[in-house]
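First comes the structure, then the notes that go with it.
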Amino acid sequence: MPTLKFAVLAGDYIGPEVMAEALRVLETVARQENLQLAPVPADVGGLAIDRHGEALPASTLKVCAASDAILFGSVGGPKWEKLPPAQQPERAALLPLRRHFTLFANIRPGLLYAELKDASPLKSERIPNGIDIVCIRELTGGIYFGQPKSTTMLPDDDVEAIDTMVYRKSEIERIAAAAVAAARSRGKKLCSIDKANVLETSVLWRKTITAYVAAHAPEVALSHMYVDNAAMQLVRDPNQFDVFVTENMFGDILSDEMAVVCGSLGMLSSASLGAGRNSHRLPFGLYEPAGGTAPDIAGRDLANPCAQILSAALMLRYSFGLEKAAARIEAAVKRAVVSGTRTADIAFGGKSVGTRAMTDAVLSQLNS
Ligand code: NAD
């Protein structure tokens, strides 16, 4: 019986509420598919600041390093807002985790079921069948990490700030491989987004992606788009994309734009895959909902657990190679929502259920 050892970092506010639901779903799937679950909980974020004085204590990092994947909730909230920026839960927990495990490939499905298309701010005639696209964002390079980075007082009393955008060919090749794998598993269509008319890093990006696809995946139809145009195309006709791949900062912005056009944050999952292999010889990864800790609805049985449940499905797919189990969870969530069981964020003022009842509906679909 395969053992799935993963760290459970639930975090703050709705984090633990939706994490408990994702674990219930995993327990059911494990029973059905004869899998042994070995979740190891650890403190992170604001809770870890309160208990250990830091958002990512060494003990938590140790638990993660001894696991094959991390199932992450979300961190932060008003309680810790007054801390200096470098100690804020999100920055002090997520960024070091990304760096420590070289989580370079951020995969975000942009999925909106046709039945939920009213949740999108786009006119329904633009998305008659909902939305089904995937964003692949490079997560450990580019301007967020490049050196030098500084703010300097100049002799003429002016102030100068510098950020540096850097990419190596090898960094672009490894994200190209992740993007090609995603394109192959879907419609074999990949759009690479850059600013090659202005940026040196984008010229290298475009050249490297083009060469990689020609050499390793000639069956994938590759196109290129400038990032300013991509921002417009995402709201004009999101489904013209199938899989798109882009560098860190462009991906930060475009993935949030994609989340908005897809409606509720409560439905969106994500995977951040690392450079290293786990004990299953698959990518180590961190799996988390696209949304934050939603302090406005925390503790009231209002949070939509689906994003966390779908993130757990991505963990089964990418870090444990359990495609069938992952697809079963995804199908169960879809059937539960489509058949009318909805939390308030996707009920459009109609009848809604709470966090636990939403999960019960998913479980009953898994059991049927
Ligand atoms: P948020 O994503 O927490 O909430 C934005 C809106 O979406 C809120 O109205 C919220 O109720 C709703 N929402 C989010 N998830 C939902 C769910 N599962 N079900 C139903 N509704 C949901 O963003 P915010 O309010 O800007 O941030 C709150 C806190 O979360 C901040 O401290 C922020 O730093 C933190 N945050 C953490 C992460 C992370 O841990 N990865 C990501 C984003 C924000």
Side-chain angles (χ1 to χ4, degrees), residues 8-22 25 42-50 55-56 60 70-98 103 106-108 111-112 116 119-121 137 139 251-253 255-272 285-312 314 333 336-337 341-349 352-359 362:
V8 177
L9 274 51
D12 307 312
Y13 291 95
I14 67 162
E17 297 172 33
V18 291
M19 184 64 83
E21 304 307 312
V25 169
D43 296 338
V44 75
L47 176 83
I49 292 175
D50 291 351
L56 184 67
T60 297
I70 304 169
L71 190 57
F72 196 91
S74 42
V75 294
K79 191 169 173 208
W80 304 281
E81 251 163 33
K82 295 215 165 61
L83 289 173
Q87 289 168 36
Q88 291 285 328
E90 234 186 304
R91 182 156 159 198
L94 267 173
L95 292 189
L97 275 173
R98 282 178 194 161
L103 301 173
N106 182 227
I107 303 176
R108 277 173 72 163
L111 187 61
L112 175 69
L116 292 184
S120 173
R137 166 188 169 194
L139 203 56
D252 191 1
I253 298 164
S255 62
D256 271 12
E257 185 185 350
M258 182 183 78
V260 168
V261 303
C262 285
S264 174
L265 281 173
M267 295 299 297
L268 297 176
S269 56
S270 82
S272 299
L286 181 147
Y287 302 86
E288 59 174 331
T293 58
D296 53 334
I297 57 167
R300 295 160 56 199
D301 195 34
L302 283 175
N304 185 343
C306 292
Q308 190 76 61
I309 293 169
L310 292 169
S311 300
L314 293 180
V333 169
V337 169
T341 309
R342 306 200 180 152
T343 43
D345 57 313
I346 49 172
F348 319 120
S352 62
V353 301
T355 308
R356 202 171 163 82
M358 184 72 236
T359 313
V362 174

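Whatever order the structure lists them in is the order used to number ligands and atoms, beginning at 1. As a basis for the values below, the full set of heavy atoms in this structure was taken, side chains included, without hydrogen atoms, waters or symmetry mates.
At a heavy-atom distance under 4.0 Å, no atom of Ala344 approaches ligand 1. If you look at Leu302 next to ligand 1, there are no close heavy atoms at all, none under 4.0 Å. The side chain of Leu94, and not its backbone, has at least one atom closer than 4.0 Å to an atom of ligand 1 (non-hydrogen atoms only; side chain from C-beta on). Of all the heavy atoms of Thr293, the ones lying under 4.0 Å from any atom of ligand 1 are found in both the backbone and the side chain. By the criterion of a heavy-atom distance under 4.0 Å, both the backbone and the side chain of Val75 are placed next to ligand 1. Contact annotation: for Asp296 versus ligand 1, heavy atoms closer than 4.0 Å belong to the side chain alone.
Ranking protein heavy atoms by distance to atom 18 (N) of ligand 1, first place goes to Asn304 O, 3.1 Å. From the protein, the heavy atom lying nearest to atom 5 (C) of ligand 1 is Leu265 CD1, 4.0 Å. The protein heavy-atom contact nearest to atom 21 (N) of ligand 1 is Ile297 CD1, 3.6 Å.
Taking all heavy atoms of Gly77, Pro305, Ser270 into account, the minimum distance to atom 31 (C) of ligand 1 is reached by Gly77. When the options Gly73, Ala294, Ala307, Gly291 are ranked by their closest heavy atom to atom 13 (N) of ligand 1, first place goes to Ala294. Taking all heavy atoms of Gln88, Gln308, Lys79, Glu90 into account, the minimum distance to atom 34 (O) of ligand 1 is reached by Glu90.
A heavy-atom distance below 4.5 Å is not found between the side chains of Thr355 and Asn304. Residues Cys262 and Leu111 have side chains not in contact (no heavy-atom distance under 4.5 Å, counting atoms from C-beta outward). A 4.5 Å side-chain heavy-atom check between Glu17 and Asp301 finds every atom pair outside the cut-off. Side-chain contact between Ser352 and Thr343 is absent, with no heavy-atom pair separated by less than 4.5 Å. Residues Gln87 and Ile49 form no side-chain contact, since every pair of their non-hydrogen atoms from C-beta on lies 4.5 Å or further apart.
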Could you go through Val44 and Phe72, starting from their C-alpha distance and side-chain angles, then the distance that decides it, and tell me whether this counts as side chain to side chain contact (heavy atoms under 4.5 Å, CB included)?
CA-CA 9 Å; Val44 75; Phe72 196 91; 4.0 Å; yes

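There is a protein heavy atom closer than 4.0 angstrom to atom 41 (N) of ligand 1. For atom 26 (O) of ligand 1, no protein heavy-atom neighbour is found at a distance under 4.0 Å.
Here the CG-CG distance, from Leu9 to Leu286, works out to 7.5 Å after rounding to the nearest 0.5 Å.
Which parts of ligand 1 touch Glu288 is read off a 4.0 Å heavy-atom cut-off, strictly below it: atoms 41 (N). Close contacts of ligand 1 with Pro295, meaning ligand atoms under 4.0 Å from a residue heavy atom, involve 28 (C). Taking a cut-off of under 4.0 Å to the non-hydrogen atoms of Ser74, the atoms of ligand 1 that pass are 39 (C), 40 (O). Under a 4.0 Å criterion applied to the non-hydrogen atoms of Ala303, ligand 1 contributes the atoms 19 (N). The distance from ligand 1 to the heavy atoms of Gly292 drops below 4.0 Å at these ligand atoms: 1 (P), 2 (O), 3 (O), 30 (O), 36 (N), 37 (C), 38 (C), 42 (C), 43 (C), 44 (C).
Where the criterion is an N or O separation shorter than 3.5 Å, residue side chain and backbone included, Phe72 fails it with respect to ligand 1.
In plain terms, the two heavy atoms of Gly11 and Val75 that are nearest each other are CA-CG1, 4.0 Å.
Between the Asp12 side chain and the Gly46 main chain, a donor and an acceptor come within less than 3.5 Å of each other. Between the side chain of Ser74 and the main chain of Gly292, a donor-acceptor pair closer than 3.5 Å is present.
Remark: Arg108 engages Asp256 in a salt bridge, criterion side-chain N to carboxylate O under 4.0 Å.
Checked by atom type, the side-chain pair Asp43/Thr60 shows no donor-acceptor distance below 3.5 Å. For the residue pair Asp50 / Trp80, a side-chain donor-acceptor distance below 3.5 Å is found, with atom types taken as modelled.
Remark: distances from the non-hydrogen atoms of Val18 to ligand 1 are all 4.0 Å or more.
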